[in-house]
Structures are given as structure tokens and as C-alpha cells.
Student: 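Right, I'll just put the structure down here and ask away after.
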Amino acid sequence: MAIPMPIVQDIRRLDRQGLSRAEIARRLHVDRGTVAKYADMEDLSPRRPDDRRYGSKIDGLAAVVDGWLEADRRMPRKQRHTARRVYDRLVSEHGWEGSYSVVQRYVKRWRETNRESSAAFLDLSWAPGVMQVDFGVALATVAGRETETHCLVVSFPWSNMRYCVAMPGENAECLCAGLMLVFAHAGGVPPVIVMDNATGAGHRNAKGEVTLTGVFESFVAHHRLEVRFCNPYSGHEKGSVENAVGFLRRNIMVPPMRAESYEQLSRLMLERCDALAAASYCPRLMDVPVTQVFAEDRAALAPLPSTVFDPVRWESRKADKHGRIDIDSRSYLAGGAWARRHVQAAVRWDTVTLVDPDTGSVLAEYPRPYGDGPRVLQDPALVMPMLAARPGAWGESPVRPDVPDDVRSWLDSMDDKTLRESLKAIAHACAAAGFEPVMRACDEILTCNKDMGLHADTLTPIALRMRDGDWEYPGAVDGPDLSGYDEFITGTRHDKEETR
């Protein structure tokens with residue numbers, strides 16, 4: 001049986017590289033005698049370089065290309081030669097005048113010939129309770145805004161049960177909070193979770209060793225579970241969840257879901273996952289519903305911890321001259337009193353809380369922004385004390401747009417002394433009740449009587465009552481019946497029946 005010319009060329013090329021005859025036979029899947037025959041055969045016929053019947057144009061540069069591709073074995077997978085890059089280098093460095101397709105075929109044939117035996121996929125077997133974890137991305141509308149939602153997807157390969165929750169990012173805090181939602185919904189903690197080197201879980205060094213992030217390491221210790229990381233570029237090692245990412249995105253996120261918050265979106269996702277599982281069958285058993293086989297997975301889960309884990313990352317930062325600290329490329333206002341002082345920050349998946357490092361009292365709490373969210377976050381209540389000390393800055397203050405129009409117009413019309421006293425009253429009330437209740441209280445006072453002005457002794461109690469929901473507009477309350485006093489003073493009786 002004749003040996004195809006490409007194989008003959010590969011035999012001669014590998015022989016030139018110094019490989020043993022046995023190794024060449026193993027790689028090319030031919031007989032060792034065939035290797036010896038063509039490796040020792042001398043081509044005595046006249047060769048014309050431009051005649052394809054006598055080989056390929058690239059044969060003269062085969063050793064160069066082989067050297068490049070062989071050196072790629074020591075390079076990261078994403079930093080290796082493509083066929084296009086090989087072609088460009090041959091043109092620029094060796095004056096190659098052949099076509100790109102010749103180079104492309106040669107590179108493809110080289111990689112098929114030199115593929116390592118470890119490239120084959122293993123048929124893995126999974127025990128009940130083992131969970132695979134991965135992130136996917138899908139569009140959803142959250143609080144009226146279309147956003148790119150990061151979907152934390154988990155799969156139980158034993159039963160093919162699949163769950164999904166929504167998170168704004170893929171950091172350690174989001175990963176832990178999402179897994180806790182899944183654990184609570186599933187009713188237990190898996191003994192083993194399998195994942196890749198997601199940023200939120202850990203970082204892999206050049207040796208392939210994974211170092212867990214601080215938050216995730218605490219999460220693993222709290223739940224007493226084992227974490228296994230896939231080999232690099234080996235997504236097939238968690239093929240169940242890889243498949244689940246696409247399956248759930250097509251089946252529960254089309255059309256895009258809408259929710260008021262990420263918590264509500266996650267609840268809706270879990271409900272739809274349960275509905276899909278009830279209508280699906282386990283791939284291993286075909287005629288058995290996923291929910292029935294999932295009972296075996298659930299039986300292998302450990303009980304939920306009695307104490308709920310708080311996925312929080314603590315950071316210590318020194319505030320700048322404005323009283324702001326920087327965390328994850330965002331600035332958070334701690335207040336003017338904390339300028340150039342150290343502040344503790346509790347970073348959770350949805351909030352950033354600034355804390356006094358000495359007393360533990362909360363200085364401010366902000367929603368944690370993601371994506372194109374604001375770069376500078378500040379509570380207007382913390383700006384008011386600084387503004388009260390510098391009333392001349394009122395016209396250019398950053399909180400001016402947050403003040404209701406009527407209150408802003410009234411403050412603009414006041415003289416310096418009244419403005420200073422009013423801002424002090426607002427700052428005092430903000431410290432007690434918060435900015436929004438104080439603004440509503442200011443609007444209420446000025447609506448009733450602008451000449452009364454804004455004073456701490458009246459503004460603060462009203463703001464506190466508005467904050468607690470105890471305030472009722474005075475005009476809506478029935479006043480006392482004073483007709484008896486009118487009769488006594490004027491001597492005239494006002495008979496209600498007569499006036500009708």
C-alpha cells in the first residue's frame with residue numbers, strides 16, 4: 001500500500017530532527033519498517049522547486065518553522081504562533097514568496113503529528129453532592145436599567161441539577177454571596193466544589209499553584225468544604241457546568257429578565273431553574289426526572305452552618321485632604337473630620353461601609369458601584385458640616401443639586417448670617433436623621449411658614465419623625481372646636497344647624 005506523500009514528508013522531517021525510528025512510527029501510526037524505508041530513501045529524481053509533484057515549497061524552510069513551533073511548547077498557550085504569524089515571519093525574515101494556504105496546511109499537519117498524548121479527554125466520574133461552579137454573562141434589566149449581569153452557575157453532575165443566581169460582578173464577595181444563595185436554596189453544603197481559577201476564588205502562579213483570596217479562604221473554612229481547581233485550559237474537566245451556562249442562558253434569560261434588584265432577579269432565576277429541572281431527565285438514566293435523582297445529591301450535602309457567613313473584606317485606608325478614601329478605583333467620602341486620618345472599610349458585594357477604627361461606629365455606608373457606576377461617592381449629610389463651616393461655598397457645593405428646588409431657592413435668597421445658621425441647623429439634623437428626611441422636613445417647614453426659618457430645635461424633631469414615619473401634615477389633622485370660645489367672647493351663638 002502506497003504511503004501518502006505528506007506522511008513521507010513527515011517521516012523525513014522528524015528523522016532530520018533526530019527522533020528515533022520507533023518514536024516516528026508511534027507518532028505517525030505507521031510501521032517501523034516503513035519509517036526506515038522512507039527515512040533512508042534518497043530522492044535521485046530531478047526536482048523542480050516549483051513543481052508540487054515533488055513536495056511542498058515550504059520544505060526548504062521546514063526546519064525553521066519546526067523550531068518556532070517546537071519552542072511554542074514552552075510558551076503560554078495564548079502566546080504561541082498562529083499559522084498567520086508563521087506566514088508573516090517567513091515573509092519578513094526569509095523572503096517567503098509562497099501562499100498563506102501552504103503555510104496553514106503545514107502548521108496544521110505539524111500540530112496533528114506532534115500532538116501530545118495528554119491532549120485526549122478523560123471520561124470523568126462524579127460522586128453525588130459534588131458541585132461544579134462557573135460564571136457566565138447575560139443581559140438583564142435591573143432597577144429599570146439594562147445591565148450586563150454576571151450569572152453564577154452551579155451544576156451537580158450526578159443528577160444534572162443546575163442553578164443560577166445573578167451578581168453584579170465576579171469578585172470574591174459576589175462569588176461567596178452567590179454560593180450562599182445556592183446553598184440555602186439547595187438545602188445544604190456540597191462536600192466538594194470544582195471550579196477554574198476565577199479571580200474571585202484565587203490566583204494561579206506560573207507553577208500552576210492556586211492561592212485563595214482572603215474572603216474565599218474564610219468562606220471555605222466556615223463551610224468546611226473542599227475546593228478543586230481545574231488544570232489550565234481544561235474546561236472539559238467541569239463540562240457539566242460549562243454546558244449549564246449556555247443551557248440556562250438560552251432557557252431562562254431569553255428574553256432578558258427584569259427585576260427591581262439583584263436579590264429579586266436571583267429568586268426568579270432559582271424558581272425557573274426548579275421548573276426546568278422538573279421537566280428534564282437525568283442524562284445517565286434518561287427516563288428519570290432530574291429532581292428525583294437530585295434527592296441523592298441532596299442526601300450527600302452537609303448541613304448549613306448555624307452561623308451565617310458574612311462575605312466581607314476589610315480594608316484600612318488613609319483619607320485624603322477632602323476626607324475621601326480610595327477602594328477598587330472608587331472614592332468614598334468619610335467626612336471632613338477624617339481628613340488625613342485612617343478609616344476602616346467593610347467591603348461587601350453590594351455595600352461599602354466606612355467605620356471608625358477606634359470605636360467601630362459607622363461613619364457612612366454606600367452602595368457598591370460596578371461597571372460604569374460613579375467614581376466618587378459621597379453622602380450629602382457628611383458634606384453639610386463642612387459646608388456649614390464655609391457657607392461661602394454654598395453656590396458651588398457638590399450637594400447643591402441634591403437639595404429640593406424650593407429649599408435651594410430659599411437658601412439662595414438668604415443673607416450670609418441666615419445662610420450660615422440654616423446650614424448649621426441642616427448639618428445638625430442630618431447627623432441625627434439623615435439627609436433625605438431632613439430635606440423633606442425643610443420643605444415642610446418652608447411650605448408652612450418661610451418666615452420661621454430653619455432652626456435645629458424644630459428641624460431635627462420633624463426630620464426624626466419623618467424618618468420614622470410618624471409625621472403627619474398638620475393641615476390634614478382636624479383642629480379643636482373653638483365655637484364655644486367664640487360664643488363666650490362675642491356673646492353670639494353660632495348654631496351649626498342654622499348656618500347650613
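One is the number of the first residue; the rest follow in order along the sequence. As the structure is a computational prediction, the values presented were derived from the model and not from experiment. What you see below is based on every heavy atom in this structure, not just the backbone, and it leaves out hydrogens, waters and symmetry mates.
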Student: Closer than 3.5 angstrom, by distance alone: can the side chain of R467 be matched with the main-chain N or O of P437 as a donor-acceptor pair?
Tutor: no

Student: Whether D320 and R340 form a salt bridge (side-chain N of Lys/Arg under 4.0 Å from carboxylate O of Asp/Glu) is what I want to check.
Tutor: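 A salt bridge is absent here (no side-chain N lies under 4.0 Å from a carboxylate O).
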
Student: Between D379 and Y332, does any side-chain donor sit less than 3.5 Å from a side-chain acceptor?
Tutor: no

Student: Has N171 got a side-chain atom pairing as donor or acceptor with C174's backbone, closer than 3.5 angstrom?
Tutor: yes

Student: Would you please say whether a donor-acceptor pair under 3.5 Å links the side chains of H428 and T460?
Tutor: yes

Student: Donor-acceptor check, side chain of R330 to backbone of P374, threshold 3.5 angstrom: yes or no?
Tutor: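 Flag set: sc R330 to bb P374 pair under 3.5 Å.
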
Student: If we ignore angles and hydrogens, is there a donor and acceptor under 3.5 Å between the side chains of T141 and E146?
Tutor: no

Student: Is a side-chain donor or acceptor of D443 paired with a backbone partner of M439 at a separation under 3.5 angstrom?
Tutor: no

Student: Is atom CZ of R224 surrounded by more than 12 heavy atoms (other residues, nucleotides or ligands) closer than 6.0 Å?
Tutor: no

Student: Taking only residues two or more places apart in sequence or in another chain, which ones pass ring-ring contact (aromatic ring centres under 6.0 Å, His included) with F309?
Tutor: F219, H222

Student: Under the side chain to side chain donor-acceptor pair (under 3.5 Å) definition, can you give me all pairs with a residue in residues 305-316, not counting sequence neighbours?
Tutor: E173-R313, D310-R348, R313-E315, R313-D328, E315-R317, S316-Q344

Student: Out of curiosity, L152 CG to M180 CE, how far, rounded to the nearest 0.5 Å?
Tutor: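 Answer for the CG-CE pair, L152 versus M180, is 12.5 Å.
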
Student: Using the side chain to side chain donor-acceptor pair (under 3.5 Å) criterion, which residues pair with S159? Sequence neighbours excluded.
Tutor: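 Partners of S159 under the side chain to side chain donor-acceptor pair (under 3.5 Å) test: D297.
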
Student: Given V130 and V194, is the side-chain contact (heavy atoms from CB on, under 4.5 Å) satisfied, shown in steps?
Tutor: CA-CA 8 Å; V130 176; V194 179; 4.2 Å; yes

Student: Roughly how far, to the nearest 0.5 Å, is CZ of F294 from OG of S280?
Tutor: 13.5 Å

Student: Would you check, one step at a time, whether the test side chain to side chain donor-acceptor pair (under 3.5 Å) holds for E365 with T351?
Tutor: CA-CA 7 Å; E365 184 171 271; T351 62; 4.6 Å; no

Student: Test your reading of the model: is there a side-chain donor-acceptor pair from R80 to the backbone of M75, 3.5 Å cut-off?
Tutor: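 At least one qualifying donor-acceptor pair exists.
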
Student: Considering residues at least two apart in sequence or located in another chain, which fulfil the side chain to side chain donor-acceptor pair (under 3.5 Å) criterion with S397?
Tutor: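 With neighbours one apart ignored, the set is empty.
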
Student: By side chain to side chain donor-acceptor pair (under 3.5 Å), which residues pair with R145, not counting sequence neighbours?
Tutor: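 R145: side chain to side chain donor-acceptor pair (under 3.5 Å) contacts with D372.
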
Student: Apply side-chain contact (heavy atoms from CB on, under 4.5 Å) to residues L225 and V192 and explain how you reach the verdict.
Tutor: CA-CA 6 Å; L225 52 84; V192 178; over 6 Å; no

Student: Just how far is it from atom CD1 of I325 to atom CG of L354, taken to the nearest 0.5 Å?
Tutor: 4.5 Å

Student: Any side-chain to backbone donor/acceptor pair from R298 onto A186? Under 3.5 Å, distance only.
Tutor: yes

Student: Would you say that V241 contacts V154 through its side chain, given a criterion of any heavy-atom pair below 4.5 Å between the two side chains?
Tutor: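 With C-beta onward as the side chain, the pair stays apart.
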
Student: Is D468 paired with R465 through a side-chain N to carboxylate O contact shorter than 4.0 Å?
Tutor: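 Salt bridge between R465 and D468, a charged N being under 4.0 Å from a carboxylate O: no.
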
Student: Sequence neighbours left out, what pairs pass salt bridge (charged side-chain N to carboxylate O under 4.0 Å, His left out) with at least one residue falling in residues 430-441?
Tutor: none

Student: Excluding sequence neighbours, so at least two apart, what forms ring-ring contact (aromatic ring centres under 6.0 Å, His included) with H185?
Tutor: Y163

Student: Determine, for R26 against E23, whether the closest basic-nitrogen to carboxylate-oxygen distance falls under 4.0 angstrom.
Tutor: yes

Student: Looking at W349, I'd like to know if the NZ or CZ of R368 sits under 6.0 Å from its six-membered ring centre while staying within 45 degrees of the ring's axis.
Tutor: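 Not satisfied by the 6.0 Å and 45° rule.
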
Student: Quick one: do R375 and D326 satisfy side-chain contact (heavy atoms from CB on, under 4.5 Å)? Show the steps, please.
Tutor: CA-CA 10 Å; R375 295 292 169 183; D326 292 337; over 6 Å; no

Student: May I have all residue pairs that pass salt bridge (charged side-chain N to carboxylate O under 4.0 Å, His left out) and include part of residues 247-274, sequence neighbours excluded?
Tutor: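 Found none.
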
Student: Test side-chain contact (heavy atoms from CB on, under 4.5 Å) on Y262 and T149 and set out the steps.
Tutor: CA-CA 9 Å; Y262 280 98; T149 303; 4.0 Å; yes

Student: Would you check if R341 and K318 make a side-chain contact, meaning some heavy-atom pair closer than 4.5 Å?
Tutor: no

Student: Measure the CG-CG distance between L28 and D10 for me, rounded to the nearest 0.5 Å.
Tutor: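 Atom-to-atom, L28:CG and D10:CG are 5.5 Å apart.
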
Student: Give me the atom names and distance for the closest heavy-atom approach of S155 to S240.
Tutor: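 Here S155 and S240 meet closest at OG-OG, 2.5 Å.
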
Student: Listed by chain and number, what are the ring-ring contact (aromatic ring centres under 6.0 Å, His included) partners of Y100, not counting sequence neighbours?
Tutor: Y87

Student: For the CG atom of L423 and the CG atom of L454, what is their distance to the nearest 0.5 Å?
Tutor: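 Taking CG in L423 and CG in L454, the distance rounds to 9.0 Å.
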
Student: Name all residues meeting the side chain to side chain donor-acceptor pair (under 3.5 Å) criterion together with E226; count only those two or more places apart in sequence or in a different chain, and write none if there are none.
Tutor: R228

Student: Would you check if the side chain of Y366 reaches a backbone N or O of L333 as a donor-acceptor pair within less than 3.5 Å?
Tutor: yes

Student: Considering residues at least two apart in sequence or located in another chain, which fulfil the ring-ring contact (aromatic ring centres under 6.0 Å, His included) criterion with Y370?
Tutor: none

Student: Do T291 side-chain atoms and A277 backbone N/O form a donor-acceptor pair below 3.5 Å?
Tutor: no

Student: Donor-acceptor pair, distance only, cut-off 3.5 Å: does the side chain of D72 make one with the backbone of H81?
Tutor: yes

Student: Looking at A427 and P385, what are the two nearest heavy atoms and their distance?
Tutor: CB-N, 3.8 Å

Student: Indicate yes or no: at least one non-hydrogen side-chain atom of N243 is less than 4.5 angstrom from one of V245.
Tutor: no

Student: Taking ring pair (Phe, Tyr, Trp, His ring centres under 6.0 Å) as the cut-off, I'd like each qualifying pair that reaches into residues 267-287, sequence neighbours left out, listed once.
Tutor: none

